[in-house]
Amino acid sequence: MSTAIPTTDAPRLYSTLSRTVEPLSTSPDGTVRMYVCGPTVYGPIHVGNARPFVVFSVLRRYLTRRGFAVRHVCNVTDINDKIYVAATREGVRSDVLAERYRAEYVADTDRLGLGRPDVEPTVTEHLPEIIAMIARLIDVGLAYPSAGDVYFRVDRFPGYGKLSGRRLDEMLVTEPGETKEHPLDFALWKGHKPDEDTSWDSPWGPGRPGWHIECSAMAAAALGPSFDVHGGGIDLAFPHHENEIAQSEGANGVPMARIWAHNEMLELGGKMSKSEGNIVLLRDALDRWGRDVLVAFFLRTHYRSKLPFGDAALEDTARQVDSIRNAARALDRAESAPGEGFNRELAESLVVARQDFFQALDDDFHTPRAFAALFEAVHAINRAVEGERPDIDQLRAARAAFVGLLDVLGLAGLADPEPGAPAEILALATEREGARAAREFALADELRDRIEAAGYQVRDTPEGPQVTPK
RNA sequence: GGCGACGUGGCGAAGUGGGAACGCUGCGGUCUGCAAAACCGCCAUGAGCCGGUUCGACUCCGGCCGUCGCCUCCA
C-alpha cells in the first residue's frame, strides 16, 4: 500500500478577501504560517468558541500529514472590557480572572485531544510590540492621540472595507465621536479609567490596548508581517479582521495574510453567543458526548456552513462514531482469526477511499466529503471481514490505512484497543456461553442482562462473544 | 437600510449543465436460539417560488419569498 498522498495539486482554501478558493501558499521557508483568533478569557468557553479551535487544529493536522511544515498561532485575549466587567462581578482582580479563564480554556480545549497550537500568545506579553506598532501608525499619519486615547484614522487607509466588502460611506454610524475625527475611527489605545484595575504606561499616558491592535502585533511577532492563513469566526470579519488589516498593512506596508479563512457559526436557536445567553459550555458538551463525538460533529459539516447544535444531531453523530469503531472491532476479530488470501476488493476500496479523502480535504478542507470517504473504508472493511477474509498481512495493512485516515481527523482513538472488560464480566460471558451451549436460553439472556447492567455489551460472533463497553 | 451566506429526501449533509454522494432514521431480507453488530436491497420523477438563457438546469442569470450572520461586544 502506497504511503504517498494521492494528490498532485496544492491544497486550496476559500478566502473571504478574494471570495474565491485559492491555492494555499507557503512562506519562503516552505512553512504554512497560520494565525487564528482565539478567545477572550472572561468565562469558560462554549462550544461555539470551540469550532474554530477544532477546525483550524484539524486543518493543521491535515497539512502536517500532507507534508507541510505548519506554524499555528492562536492567541488568547487577556485584556478586554469584558474582563473588567466580569472581574468586578466576581469580585477578583481582572488579571487574576483572565489568567484563571485562560488556564481553563487550555484545559477545556486539551480535552478535545487535537494537540495545541505552536504558539498561544497573550496580550499582556506583547505590550511593547503593541505600543511600537501604535507609534508607527501615528508616525505614518494613520493614527492620532486624542484625550488620552489613540485612534486609527480609517479614511486614511485606502483599503478599508476590502475584507468585508463595505464602504465607509455605506456604514451605519451609531456611535457619536466626540473624541474621534471620524465616527468609525477605532481605538488603538484606551486611556486608563478609574474603575479599571490594570494599566500600562505608554507615550500617550497610562492605559491599555484596544481590541484589534493586539492581534496585529501578536501575529507579526509570531509569524512576521506577512503570512499565509488568517483564520477565525465569520463574525470577526468585521470589524475585527478589517481593523487588523488596516493596522498591520498600514504599519508594515505589506499584505497581512494571503488567505482569510472564516468558519461559520454554531446555532442554538440563533447564533450561539454569550451575550445572547444561549450557550452550551464546551466542558459540559465534552462531559455529555465525549471528545470523539464532539470532534466528529464539528467535522461532519463543512466549516463554512452554519452548524445547528442539538441533541438529535449529536445522537446521529454518536451512531456514526460507533459504526467507525465497529469497523475497528471487526478488524480486531479478523486479526484473531485471519484468512489465507488477498482480498482484492478491500485493497482497491481502501486506495479509492484514501484518494477521495485527501482530494476532499485539498478542496477547501471538505471534511464532510472526507467523512464519506471514511465510510467507504468502513464498509470495505466490514465486507472483507464478513466475506473473503484476508490474511494477516493484508488485515494489518488495512488497519494502518484506516487508522491513517482517522488520524488526520483526530479520531485515531476510535481504532485503539479497548480496555478489556473486568474479569467478573468476562466470567459472566463465559458462563453465558455455557448456558447457550446447553440451550438454556433463559439463563443466557439473564446473564446478558447482568452484563449490560454493568455497562458492557455482548455480541455473539463466529469468533465467540465480543464484550465491549456500551 | 447596507454588506454577506444560504435555502436539496423523515433528519443531517454533499457533488454536478445531461445518471441527486455519504451518514442517521424507516422498511424488506440474510445471519443469529434471541439480541446486537454486520451484510444485501428499497426509500427525493424532484431540489423554496416564478421567470429567463440552453438541445437540455437542482446546477448559469434575474426577480420574489424565507432563514441566518455582520453593520455594537461576539468564535
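Per chain, numbering begins at 1; letters A, B, ... match sequence-line order.
Contacts between residues 376-386 of chain A and RNA chain B, defined by a heavy-atom separation under 4.0 Å, are made by A/H379, A/N382, A/R383, A/E386. Of the residues in residues 447-460 of chain A, those placing a heavy atom less than 4.0 Å from an atom of RNA chain B are A/R448, A/Q457, A/V458, A/R459, A/D460, in numerical order.
With both ends at atom C1', the span from B/G29 to B/C43 equals 15 Å, rounded to whole Å. On the C1' atoms, B/A20 is 33 Å away from B/C3, given to the nearest whole Å. B/C6 sits 15 Å from B/C58 when the C1' atoms are compared, rounded to a whole Å. Separation of the P atoms belonging to B/G10 and B/U45 is 9 Å when rounded to the nearest angstrom. Between B/G18 and B/C31, the two P atoms lie 42 Å apart (nearest whole Å). Rounded to whole Å, the P atom of B/C22 lies 13 Å from the corresponding atom of B/C39.
A residue-by-residue look at A/E315 and A/R19 shows that A/R19 has its nearest nucleotide of RNA chain B further toward the 5' end.
Using cut-offs of 30° and 60° for the angle between ring planes, the A/F157 and A/F152 rings count as perpendicular.
A salt bridge is absent between A/D362 and A/R12; no separation between the charged side-chain nitrogens and carboxylate oxygens falls under 4.0 Å.
As judged by a 4.0 angstrom heavy-atom cut-off over every strand, A/F441 is placed among the base-contacting residues.
Taking the six-membered ring for Trp and the full ring otherwise, A/H212 and A/H241 have centroids separated by 6.0 Å or more.
The side chain of A/N326 approaches B/A38 more closely than any other nucleotide in the set B/A38, B/C22, B/A75.
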Pairwise N/O distances under 3.5 Å, protein to nucleotides 7-12 of chain B:
unit_1	atom_1	unit_2	atom_2	d
B/G12	O2'	A/R300	NH2	3.0

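If you check distances only, the side chain of A/R304 never reaches the base of B/G69 with a donor-acceptor pair under 3.5 Å.
One finds no side-chain N or O of A/T367 lying less than 4.0 angstrom from the OP1 or OP2 phosphate oxygen of B/A13. An OP1 or OP2 oxygen of B/G15 is reached within less than 4.0 angstrom by a side-chain nitrogen or oxygen of A/H366.
As the counterpart of B/C6, B/G66 is assigned, both hydrogen-bonding distances of the Watson-Crick or G-U wobble pattern falling under 3.5 Å.
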